[in-house]
Amino acid sequence: MPKILMEAQISKPFNTWVGVFDADKDDQEANGFKVMYRGHKLDDPNTVVILMEGDPSKLEPYMSQPEKAMVIEESGHIAESTAVTVLSD
């Protein structure tokens with residue numbers, strides 16, 4: 001299964017973002033995404049990094065769902081800052 005590396009800026013404290021992100025775990029897994037790591041850059045707590053397994057072709061449709069957009073906004077994730085890199089398995 002390919003790995004997906006995501007990096008994004010957040011506008012709220014990391015603890016706020018990670019709380020919302022972790023609370024969404026069941027939905028992430030139900031949609032085929034298994035998070036392997038989530039954290040922030042050591043020198044920049046406003047840049048979050050996520051490494052997960054999943055189908056890259058399903059990521060954009062998943063994140064574009066109206067209810068997911070609300071979760072993303074609530075967490076402080078600045079959606080337009082998101083960079084996605086697909087890695088081999």
Side-chain angles (χ1 to χ4, degrees):
M1 177 75 57
K3 308 297 185 280
I4 302 168
L5 180 66
M6 295 177 60
E7 187 173 304
Q9 298 294 307
I10 55 174
S11 61
K12 295 183 179 179
F14 176 77
N15 287 340
T16 300
W17 175 83
V18 80
V20 174
F21 184 85
D22 287 352
D24 200 41
K25 180 180 179 180
D26 289 343
D27 191 51
Q28 295 162 8
E29 290 182 353
N31 281 277
F33 299 107
K34 179 183 175 191
V35 175
M36 303 167 69
Y37 171 83
R38 89 291 180 269
H40 62 76
K41 287 187 172 182
L42 194 55
D43 62 348
D44 182 4
N46 292 322
T47 300
V48 294
V49 178
I50 304 159
L51 178 63
M52 64 180 123
E53 288 182 329
D55 182 345
S57 69
K58 295 182 179 180
L59 185 61
E60 186 174 346
Y62 172 70
M63 291 183 66
S64 298
Q65 298 172 28
E67 62 275 6
K68 197 56 51 195
M70 288 176 25
V71 171
I72 290 169
E73 183 178 342
E74 176 188 335
S75 73
H77 175 159
I78 302 169
E80 59 271 12
S81 72
T82 305
V84 176
T85 304
V86 178
L87 307 169
S88 64
D89 52 342

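Everything quoted here is computed from the prediction, not taken from an experiment.
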>> I'd like to know if M6 and V35 are part of one continuous hydrophobic network [Ile/Leu/Val/Met/Phe/Trp/Tyr, side-chain heavy atoms within less than 4.5 Å].
In response: yes
> Does CD in E60 sit with more than 12 non-hydrogen atoms of other residues, nucleotides or ligands closer than 6.0 Å?
Replying inline: no
> Which atoms form the tightest heavy-atom contact between P61 and S57, and what is the distance?
Replying inline: CD-O, 3.5 Å
>> Using 0.5 Å steps for rounding, measure from the CD1 atom of I72 to the CD atom of Q65.
In response: 9.5 Å
>> Around atom CD of E29, are there more than 12 heavy atoms from other residues, nucleotides or ligands closer than 6.0 Å?
In response: yes
>> Tell me the closest heavy-atom pair linking L51 and L87, and the distance in Å.
In response: CD1-CD1, 4.1 Å
>> Is there a path of hydrophobic side-chain contacts, each under 4.5 Å between heavy atoms of I/L/V/M/F/W/Y residues, joining V71 to L59?
In response: no
> Which value, rounded to the nearest 0.5 Å, describes the distance between F33 atom CZ and D55 atom CG?
Replying inline: 7.0 Å
>> Minimum heavy-atom separation for P2 and V86, please, with both atom names.
In response: CB-CG1, 4.2 Å
>> Please determine whether side-chain contact (heavy atoms from CB on, under 4.5 Å) holds for the pair K12 and I10, giving the CA-CA distance in whole Å, both sets of side-chain angles, and the decisive distance to 0.1 Å.
In response: CA-CA 6 Å; K12 295 183 179 179; I10 55 174; 5.7 Å; no
>> Measuring from atom OG1 of T82 to atom NE2 of H77, what distance do you get when rounded to the nearest 0.5 angstrom?
In response: 2.5 Å
> If two hydrophobic side chains count as joined below 4.5 Å and joins carry through other members, does V48 share a cluster with I78?
Replying inline: no
> Are T47 and Q9 close enough that some pair of their side-chain heavy atoms sits under 4.5 Å apart?
Replying inline: yes
> Given side chains that start at C-beta, do those of E53 and K3 come closer than 4.5 Å, heavy atoms only?
Replying inline: yes
> From K34 NZ over to M1 CE, what is the distance, rounded to the nearest 0.5 angstrom?
Replying inline: 10.5 Å
Side-chain atoms of residues 17-25: list all donor-acceptor pairs with protein atoms under 3.5 Å, sequence neighbours left out, distances to 0.1 Å.
unit_1	atom_1	unit_2	atom_2	d
D22	OD1	R38	NE	3.0
D22	OD2	R38	NH2	2.7
D24	OD1	K68	NZ	3.0
D24	OD2	Y62	OH	3.4
D24	OD2	K68	NZ	2.8

> Roughly how far apart are M36 CE and I50 CD1, rounded to 0.5 Å?
Replying inline: 13.5 Å
